[in-house]
Student: 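Handing you this structure, nothing more for now.
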Amino acid sequence: MSTEKEGLKIYNSLAGTKEKFIPINEGFVGLYVCGPTVYNNVHLGNCRTFISFDMVYRYLHHLGFKVRYVRNITDVGHLVDDADEGEDKIAKKARLEELEPMEIVQQYTLDFHNVLEKFNTVAPNIEPTATGHIIEQIEMIKAILDNGFGYESNGSVYFDVEKYNASHPYGELSGRKIEDLLSNTRDLDGQDEKNNPLDFALWKNAAEEHIMKWPSPWGVGFPGWHLECSAMSTKYLGEQFDIHGGGMDLKFPHHECEIAQGTASNGVSPVKYWMHGNMLTLNGKKMSKSTGNSILPAELFSGNNEFMEKPFGPMVVRFFMMQAHYRSPLDFTSEALTAAEKGYDKLMEAMRSLEVVKAGEQSSVDVKAMVASFYEAMNDDFNAPILVAKLFDAVKYINSIKDGNQSIGSADLQLLQKEMNAFVAGVLGIRNDSSSSNGKLNPVMDLVLDLRQEARANKDWSTSDKIRDGLANAGIVVKDTKDGTSWS
RNA sequence: GGUCCUGUGGCCGAGUGGCUAGGCAGAGGUCUGCAAAACCUCGUACAGCGGUUCGAAUCCGCUCGGGACCUCCA
């Protein structure tokens, strides 16, 4: 396993190229992923990012790294827009629904966990909330002020981008130049507090009627959005850690600001490898609630939506996502999902066959090379679609063994079983969702198929077909193979 | 308007300067009482136009189309 660990390459957004992954502390990985702002149900686009980084986490873990995986919950500070009176997203939703802000937070945090559980994602090791780290955020602001990269204005504190840029490149992650940013700045009302439109809030002064507010050295207020990730990643992963992930749309300004905040407070760039997942589109267009072009996971699973011809299970959706690279855009259509569903069924069927297939004298295929190709694919910047292709090579091999056209030695069979399970269930996070594991149904099916077998032995085709058609109507497919009859 | 990404066979999607992933769909075949499944065979695709090269879909330029960010967004 250690040799595979050496070969991992990661596309680093900061460098714009694939780089060999060298952890700061050998054998350990610090991984931070920007979590959701819990003011609404997560939609499928949000889920893609979390599923992508779940795969990243799973593979790192599989390689034998001890990973500390931190993913935050944003429950304060995320403003609706950038104007000074911009409303907090949580507070706005609370006002609209006449609920306490923390009721909103609770409701949508539960929804988020529930949905991710359905997608079989592994829970992060630490899931900190912004409201739980106000003190850490205040401390970080102090450090930034002490180092001369921030200023106070009317009870708010802003980050001085221009001053920072004089000594550090602001925009290095997103490839922006401060001059371009300045010339493109849109006029927003009520930005008198800032020295410069590019400056971003570290602490915002809160008005009397504001519900979510805390005392600070600068008065009563609440923390800026970008700050929470910096404060919490520093607290749990250190001033500099290995991997920071998030959606592409967070690259600017959010991640750019995190680099600036970390550097301004701690003196070091906070992250070694920046990873960005690409967007999920629906019928060719970006998912967006405002235009109605979005779909919630629950609507997808139930089939209660206007976009899909039928319901799709979470594992089919996950498999579909794994067939595309995390850095590529992916388009979600009914047709593509239907195709993915068949591929998923085929893979699951082969996984079952792999458990019952018999070992022979020797292998007709180089199984070690096959397994090596799994690692090779994933080591190349987590190339899950290539891995899936390689897994289907194995599927073909397994089916051929079953048909007696190929053979496998017992040591190789054990190896293949172990690695296939590790990659399908462990790394890709794909589990068998089919109903065939229903314990109560199994003895009934054994009986029914036994009766059908008797009829077939007597060449009583009308009876055997009646059973088969009846089962088909109930959604159960019967397959006659050389080794007997199976169903699913 | 600015910055950047992208355009692959019927569909979805990898990848590479020359050795032509994979899934789904389609055609033919083997097996089967018939099906289903499985297996075998079949598609010479890389937006368009130029250029570099012995050779490009892969590099460069332009044109057209799609997308992201620049303002909240996974």
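To find a chain, count down the sequence lines: A is the first, B the second, and so on, and within it residues start at 1. Not measured: the values here are computed from a predicted model. The figures that follow rest on heavy atoms only: side chains count, while hydrogens, waters and symmetry mates do not.
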Student: Using a 4.0 Å heavy-atom cut-off, does Leu280(A) contact any base of the nucleic acid, only the sugar-phosphate backbone, or nothing at all?
Tutor: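 Touches a base.
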Student: Could you work out the separation of U53(B) and C4(B) based on their C1' atoms and round it to a whole Å?
Tutor: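 29 Å, rounded to whole Å.
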Student: Strictly below 4.0 Å, N to O, side chains only: are Lys310(A) and Glu341(A) in salt-bridge contact?
Tutor: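 Counted as a salt bridge, because a side-chain N and a carboxylate O are separated by less than 4.0 Å.
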Student: On RNA chain B, does the nearest nucleotide to Ser400(A) precede the nearest nucleotide to Ala336(A) from the 5' side, or the other way round? Give the residue.
Tutor: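 Per heavy-atom nearest nucleotide, the more 5' residue is Ala336(A).
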Student: On the side chain of Arg468(A), is there an atom forming a donor-acceptor pair with the base of A36(B) - under 3.5 Å, no angle test?
Tutor: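 By the distance-only test, no, there is no pair.
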Student: Under 3.5 Å, is there a donor-acceptor pair linking the side chains of Tyr273(A) and Glu19(A)?
Tutor: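 Looking only at side-chain atoms, Glu19(A) and Tyr273(A) do not form any donor-acceptor pair under 3.5 Å.
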Student: Salt bridge or not between Asp54(A) and Arg58(A)? Use side-chain N to carboxylate O under 4.0 Å.
Tutor: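 Counted as a salt bridge, because a side-chain N and a carboxylate O are separated by less than 4.0 Å.
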Student: Write down the distance between CG (Leu428(A)) and C1' (G22(B)), rounded to a whole number of angstrom.
Tutor: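 Spelled out: CG on Leu428(A) to C1' on G22(B) is 13 Å.
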Student: Within less than 4.0 Å of OP1 or OP2 of G22(B), is there a side-chain N or O belonging to Lys390(A)?
Tutor: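 Looking at the OP1 and OP2 atoms of G22(B), neither is under 4.0 Å from any side-chain N or O of Lys390(A).
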Student: Rounding to an integer number of angstrom, what distance separates U71(B) and G65(B) when you compare their C1' atoms?
Tutor: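 To the nearest whole Å, 26 Å.
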Student: Quick one, Tyr375(A) with Glu419(A), criterion side-chain hydrogen bond (donor to acceptor under 3.5 Å, both in side chains). Give me CA distance, side-chain angles, the key distance, then yes/no.
Tutor: CA-CA 10 Å; Tyr375(A) 285 93; Glu419(A) 296 291 341; 2.9 Å; yes
Student: With a 4.0 Å cut-off, would you call Lys479(A) and Glu349(A) a salt bridge?
Tutor: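 Salt bridge flag = yes for Glu349(A) with Lys479(A).
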Student: Of all the choices, A14(B), A74(B), A38(B), which nucleotide is nearest to the side chain of Ala324(A) once you look at every atom?
Tutor: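 So the side chain of Ala324(A) is nearest to A14(B).
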Student: Mind checking the P distance from G61(B) to G7(B)? Whole angstroms is fine.
Tutor: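 It comes out at 16 Å once rounded to the nearest Å.
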Student: Distance check: side-chain N/O of Ser328(A) vs OP1/OP2 of A14(B), anything under 4.0 Å?
Tutor: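 Yes, within the criterion.
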Student: Which dot-bracket string fits RNA chain B when only Watson-Crick or G-U wobble pairs with both atom distances under 3.5 Å count, crossing pairs get [ ], and | stands for a partner on a different strand?
Tutor: (((((((..(((.....[...))).(((((.......)))))....(((((..]....))))))))))))....
Student: Whether Asn399(A) contacts A38(B) is assessed here as follows: a side-chain N or O lying under 4.0 Å from the phosphate OP1 or OP2. Is that the case?
Tutor: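 For A38(B), neither OP1 nor OP2 has a side-chain N or O of Asn399(A) closer than 4.0 Å.
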Student: With heavy atoms under 4.0 Å as the rule, sort His325(A) into base, sugar-phosphate or nothing.
Tutor: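 Touches sugar-phosphate only.
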Student: Rounded to the nearest 0.5 Å, what separation is found between the NE2 atom of His254(A) and the CG atom of Asp249(A)?
Tutor: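 Here the interatomic distance stands at 10.5 Å.
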Student: What is the distance from OH of Tyr11(A) to P of A14(B), rounded to the nearest Å?
Tutor: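 Roughly 15 Å, once rounded to whole Å.
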Student: Just checking Lys342(A): base, sugar-phosphate only, or nothing, at a heavy-atom cut-off of under 4.0 Å?
Tutor: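 Contact class for Lys342(A): sugar-phosphate only.
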Student: Can Asp88(A) and Lys204(A) be counted as an ion pair, charged N to O under 4.0 angstrom?
Tutor: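 Salt bridge flag = no for Lys204(A) with Asp88(A).
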Student: Heavy atoms only, 4.0 Å cut-off, all strands: where does Lys251(A) land among base, sugar-phosphate and nothing?
Tutor: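 No contact.
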Student: Considering only C34(B), G23(B), A14(B), which nucleotide approaches the side chain of Ala339(A) most closely?
Tutor: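 In terms of side-chain proximity for Ala339(A), the closest of C34(B), G23(B), A14(B) is G23(B).
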Student: Report the distance from atom CG of Asp345(A) to atom C1' of A38(B), rounded to the nearest whole Å.
Tutor: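 The answer, rounded to whole Å, is 15 Å.
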Student: Whole Å only: how far is the CZ atom of Phe200(A) from the P atom of U71(B)?
Tutor: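 Rounded to whole Å, this separation is 14 Å.
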Student: Rounded to the nearest angstrom, tell me the gap between atom CZ in Phe392(A) and atom C1' in A38(B).
Tutor: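 One finds 14 Å between C1' of A38(B) and CZ of Phe392(A), rounded.
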Student: If I take atom NE2 in residue His226(A) and atom C1' in nucleotide A74(B), what distance separates them, rounded to the nearest angstrom?
Tutor: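 Answer to the nearest Å: 15 Å.
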Student: Figure out the CG/C1' separation between Leu116(A) and A74(B), and round it to whole Å.
Tutor: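 That distance rounds to 11 Å.
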Student: Whether Arg452(A) and Asp465(A) form a salt bridge (side-chain N of Lys/Arg under 4.0 Å from carboxylate O of Asp/Glu) is what I want to check.
Tutor: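 Result for this pair is no, no salt bridge flagged.
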Student: Hey, does the side-chain of Asp480(A) have a donor or acceptor N/O within less than 3.5 Å of a partner on the base of A35(B)?
Tutor: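 Side chain to base: pair present.
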Student: Students often get this wrong, so: under 4.0 angstrom with heavy atoms, is Lys346(A) touching a base, only sugar-phosphate, or nothing?
Tutor: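 Sugar-phosphate only.
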Student: Using a distance-only test with no angle check, is there a side-chain donor-acceptor pair under 3.5 angstrom linking Gln261(A) and Ser230(A)?
Tutor: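 Yes, a side-chain donor-acceptor pair sits under 3.5 Å.
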Student: With a 3.5 Å distance limit and no angle check, can you tell me whether Arg71(A) reaches the backbone of Glu127(A) through a side-chain donor-acceptor pair?
Tutor: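 Flag not set: sc Arg71(A) to bb Glu127(A) has no pair under 3.5 Å.
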Student: Report, one pair per line, the protein and nucleotides 65-69 of chain B atoms (nitrogen or oxygen only) whose separation is under 3.5 Å.
Tutor:
unit_1	atom_1	unit_2	atom_2	d
C69(B)	OP1	Lys286(A)	NZ	2.7
C69(B)	O2'	Arg176(A)	NH2	2.6

Student: Which whole number of Å gives the distance between the P atom of G15(B) and that of A21(B)?
Tutor: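 Approximately 14 Å lies between the P atom of G15(B) and that of A21(B).
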Student: What integer distance in Å separates Gln453(A):CD from U32(B):P?
Tutor: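 About 15 Å, once rounded to whole Å.
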Student: Which whole number of Å gives the distance between the P atom of U52(B) and that of G10(B)?
Tutor: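 About 31 Å, rounded to a whole number of Å.
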Student: Rounding to the closest angstrom, what is the interatomic distance between G1(B) and C62(B) at atom P?
Tutor: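 Rounded to whole Å, the distance is 16 Å.
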Student: Using the C1' atoms only, state how far G22(B) lies from U16(B), rounded to an integer number of Å.
Tutor: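 Those two atoms are separated by 16 Å.
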Student: Which listed nucleotide (A74(B), G22(B), C34(B)) is nearest to the side chain of Arg456(A)?
Tutor: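 Of all the options, the side chain of Arg456(A) is nearest to C34(B).
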Student: Taking G17(B) as the reference, what is the distance to A57(B) when you measure between their C1' atoms (whole Å, please)?
Tutor: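 After rounding to an integer number of Å, I get 10 Å for this pair.
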Student: Establish, with yes or no, whether the OP1 or OP2 oxygen of C40(B) is under 4.0 angstrom from a side-chain nitrogen or oxygen of Lys396(A).
Tutor: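 Yes, such a contact exists.
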Student: Counting the atoms with a prime plus P, OP1 and OP2 as sugar-phosphate, which does Val478(A) contact under 4.0 Å by heavy atoms, base, sugar-phosphate, or nothing?
Tutor: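 If one applies the 4.0 Å heavy-atom cut-off, Val478(A) turns out to touch a base.
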Student: When you compare the side chains of Arg327(A) and Asn278(A), does any donor N or O come within less than 3.5 Å of an acceptor on the partner?
Tutor: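 No, no side-chain donor-acceptor pair sits under 3.5 Å.
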Student: With no hydrogens and no angle check, is any side-chain donor or acceptor of Asn12(A) less than 3.5 Å from a backbone partner on Thr17(A)?
Tutor: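 The answer is no, because no donor-acceptor pair under 3.5 Å joins these two groups.
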Student: For Asn405(A) and Asn383(A), find the nucleotide of RNA chain B closest to each by heavy atoms; which residue's nucleotide sits nearer the 5' end?
Tutor: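 In this pair, the answer is Asn383(A).
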Student: Quick one: label Asp465(A) by what it contacts on the DNA or RNA (base, sugar-phosphate, nothing), any heavy atom closer than 4.0 Å.
Tutor: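 The residue Asp465(A) makes base contact.
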Student: Within the structure shown, what part of the strands sits under 4.0 Å from Gly277(A) by heavy-atom distance: base, sugar-phosphate, or nothing?
Tutor: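 No contact.
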